[in-house]
Amino acid sequence: MDESPGNFQTRASRTCPPHSVALLPFENLTECPEIAQLVRESLYSHLSPKHYEDVELGEVDARLESIGLSSFEDVQSVEVRKLGELLHADAVVYGSVTKCSRVYIGVFSSVCVATSLEVYDTRTGEKVWTDFEEACFHDGGVPLDVLSIPLTAMRSGMNMREVVRVRVVDDLCRTLVARVPAAQETEFHVEESAGSDSFELQVGAFHEEDGAVETAASMHKKGFAAFVRKDEEQGSVWYRVLVGPFNDRNEAESTLAKVRESGTQDAFIRRFHIPE
């Protein structure tokens with residue numbers, strides 16, 4: 001049996017892959033508060049182009065809380081197949097944030113976040129996927145002369161801002177999801193969703209990534225699970241700040257109203273098509 005990351009490990013999962021996936025509450029093994037939920041929300045957002053039928057995070061949490069499960073430890077005590085029945089999901093994702101470090105030494109700073117993932121097929125109870133990734137962002141360095149020390153120290157200090165951590169998490173989840181095969185690549189097929197439309201909210205679009213990351217960080221502080229997606233259109237590169245996805249337009253419109261109430265008046269609904 002192939003135990004390497006990124007491989008479906010059971011015959012059942014290869015011949016009849018899961019099409020509905022639920023992300024369980026993530027474990028936080030660090031001293032950074034809320035980092036586990038930040039990674040979970042970002043991972044959920046980046047999964048949207050893979051065309052899986054994702055159980056929305058709010059729905060996952062509500063169903064778990066209905067039977068008294070509110071933490072990673074609580075969920076671990078429940079048998080995988082029972083979780084599948086409760087969440088109406090063919091697969092569940094367990095995640096652990098194993099590292100969240102901030103190092104600041106005068107003119108040098110570094111922010112790193114690491115996450116491990118395990119995916120279980122709820123129909124068989126078997127583990128079908130494992131992966132691990134660490135993302136870091138460094139700034140500062142050794143100044144070349146005395147006059148450059150203040151500038152280098154300032155850049156190093158800016159690296160400690162919350163916006164940088166959001167950027168690191170975004171890079172981390174983008175890399176993880178890039179290794180997950182899209183639905184059509186693994187013959188995943190959802191009859192009721194194929195050929196249908198889903199929706200997402202665009203709250204900003206930038207030619208420079210830094211502007212998009214700062215906007216996404218601002219949306220996170222307001223309580224919205226925003227993420228950044230890089231698009232190329234007619235030779236131009238855009239970094240779009242998005243919230244979603246939503247399978248139901250009414251839900252998208254309801255969230256749009258909340259986004260606009262929070263001060264982002266230019267937000268609008270984007271429709272994207274799930275191919276047949």
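No donor-acceptor pair closer than 3.5 Å links the side chain of R123 to the backbone N or O of A91. Judged by distance alone, with hydrogens and angles left aside, the side-chain atoms of S116 form no donor-acceptor pair with the main-chain N or O of F132 at under 3.5 Å. Put simply, the side chain of T255 gets close to the backbone of E251: a donor and an acceptor are under 3.5 Å apart. Within the 3.5 Å criterion, the main-chain N or O of C32 finds a donor-acceptor partner in the side chain of N28.
If you chain together hydrophobic residues whose side chains sit under 4.5 Å apart, V55 and L69 fall into the same group. Linking Ile, Leu, Val, Met, Phe, Trp and Tyr whenever their side-chain heavy atoms come within less than 4.5 Å leaves L242 and L47 in two separate clusters. There is no path of hydrophobic side-chain contacts, each under 4.5 Å, that joins V60 to F246. Side-chain heavy atoms closer than 4.5 Å link hydrophobic residues (I, L, V, M, F, W, Y) into clusters, and following such links, possibly through other members, connects L87 to F72. Taken together through direct or relayed side-chain contacts under 4.5 Å among Ile, Leu, Val, Met, Phe, Trp and Tyr, V213 and V113 form part of one hydrophobic cluster.
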Inset, instruction - Decide yes or no on side-chain contact (heavy atoms from CB on, under 4.5 Å) for V166 and H220, but give the supporting numbers first. - result: CA-CA 9 Å; V166 172; H220 272 280; 4.2 Å; yes
Legend entry - Pair L201-R270, side-chain contact (heavy atoms from CB on, under 4.5 Å): steps then yes or no: CA-CA 6 Å; L201 307 183; R270 288 168 53 94; over 6 Å; no
Inset, instruction - Decide yes or no on side-chain contact (heavy atoms from CB on, under 4.5 Å) for T115 and T98, but give the supporting numbers first. - result: CA-CA 6 Å; T115 298; T98 58; 6.0 Å; no
Inset, instruction - Tell me, with the steps shown, if V75 and L64 meet side-chain contact (heavy atoms from CB on, under 4.5 Å). - result: CA-CA 8 Å; V75 174; L64 292 175; 3.9 Å; yes
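In this view, A205 and Q202, W238, R240 satisfy the side-chain contact (heavy atoms from CB on, under 4.5 Å) rule, not counting sequence neighbours. Residues meeting the side-chain contact (heavy atoms from CB on, under 4.5 Å) test with T264, sequence neighbours left out: V203, M219, K222, V259, S262, A267. With sequence neighbours excluded, no residue forms a salt bridge (Lys or Arg N to Asp or Glu O under 4.0 Å) with D74. Contacts of Y120 classified as side-chain contact (heavy atoms from CB on, under 4.5 Å), with partners at least two apart in sequence or in another chain: V80, V92, Y94, E118, K127. For F227, the ring pair (Phe, Tyr, Trp, His ring centres under 6.0 Å) partners two or more places apart in sequence, or in a different chain, are H46. R63 pairs by the side-chain hydrogen bond (donor to acceptor under 3.5 Å, both in side chains) definition with E59, not counting sequence neighbours. Judged as a salt bridge (Lys or Arg N to Asp or Glu O under 4.0 Å), and not counting sequence neighbours, E65 has no contacts. In terms of the ring pair (Phe, Tyr, Trp, His ring centres under 6.0 Å) criterion, F224 has no residue partners (sequence neighbours excluded). The salt bridge (Lys or Arg N to Asp or Glu O under 4.0 Å) search around E56 returns none, not counting sequence neighbours. Residues passing the salt bridge (Lys or Arg N to Asp or Glu O under 4.0 Å) test with D54, sequence neighbours excluded: none.
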Please list every donor-acceptor pair under 3.5 Å in which a side-chain atom of residues 34-43 meets a protein atom from a residue at least two apart or in another chain.
{"from": "Q37", "atom 1": "OE1", "to": "R40", "atom 2": "NH1", "distance (Å)": "3.4"}
{"from": "Q37", "atom 1": "NE2", "to": "E41", "atom 2": "OE2", "distance (Å)": "3.2"}
{"from": "R40", "atom 1": "NE", "to": "L23", "atom 2": "O", "distance (Å)": "3.2"}
{"from": "R40", "atom 1": "NE", "to": "L24", "atom 2": "O", "distance (Å)": "3.2"}
{"from": "R40", "atom 1": "NH1", "to": "D61", "atom 2": "OD1", "distance (Å)": "3.1"}
{"from": "R40", "atom 1": "NH1", "to": "D61", "atom 2": "OD2", "distance (Å)": "3.2"}
{"from": "R40", "atom 1": "NH2", "to": "L23", "atom 2": "O", "distance (Å)": "2.8"}
{"from": "R40", "atom 1": "NH2", "to": "D61", "atom 2": "OD1", "distance (Å)": "2.9"}

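Annotation: E73, atom CD; neighbour count of heavy atoms from other residues, nucleotides and ligands within 6.0 Å is above 12. With a 6.0 Å radius and a threshold of 12 heavy atoms from other residues, nucleotides or ligands, E79 has its CD atom above the threshold.
Shortest non-hydrogen contact noted between V241 and A226 is CG1-CB, 4.2 Å. Looking at every heavy atom in both residues, V93 comes nearest to F26 through O-CE1, 4.4 Å.
Within the 4.5 Å cutoff, side-chain heavy atoms of E134 are placed close to those of K99. Using a 4.5 Å heavy-atom threshold, the side chains of D171 and E209 count as touching. I269 has its side chain within reach of R249: a pair of non-hydrogen atoms, C-beta onward, lies under 4.5 Å apart. Side-chain contact between D90 and E53: absent, with no pair of heavy atoms (C-beta onward) separated by less than 4.5 Å. Residues T130 and L117 have side chains not in contact (no heavy-atom distance under 4.5 Å, counting atoms from C-beta outward). Residues L172 and E133 are in side-chain contact: their nearest non-hydrogen atoms beyond the backbone lie under 4.5 Å apart. Looking at heavy atoms from C-beta onward, Y44 lies out of side-chain contact with V21 at the 4.5 angstrom threshold. Looking at heavy atoms from C-beta onward, F137 lies in side-chain contact with R167 at the 4.5 angstrom threshold.
Cysteines C100 and C112 have SG atoms no closer than 2.5 angstrom.
Each salt bridge (Lys or Arg N to Asp or Glu O under 4.0 Å) pair with one or both residues in residues 254-263, not counting sequence neighbours, would appear here, but there are none.
Rounding to the nearest 0.5 Å gives a distance of 11.0 Å between NE2 of H207 and OH of Y239.
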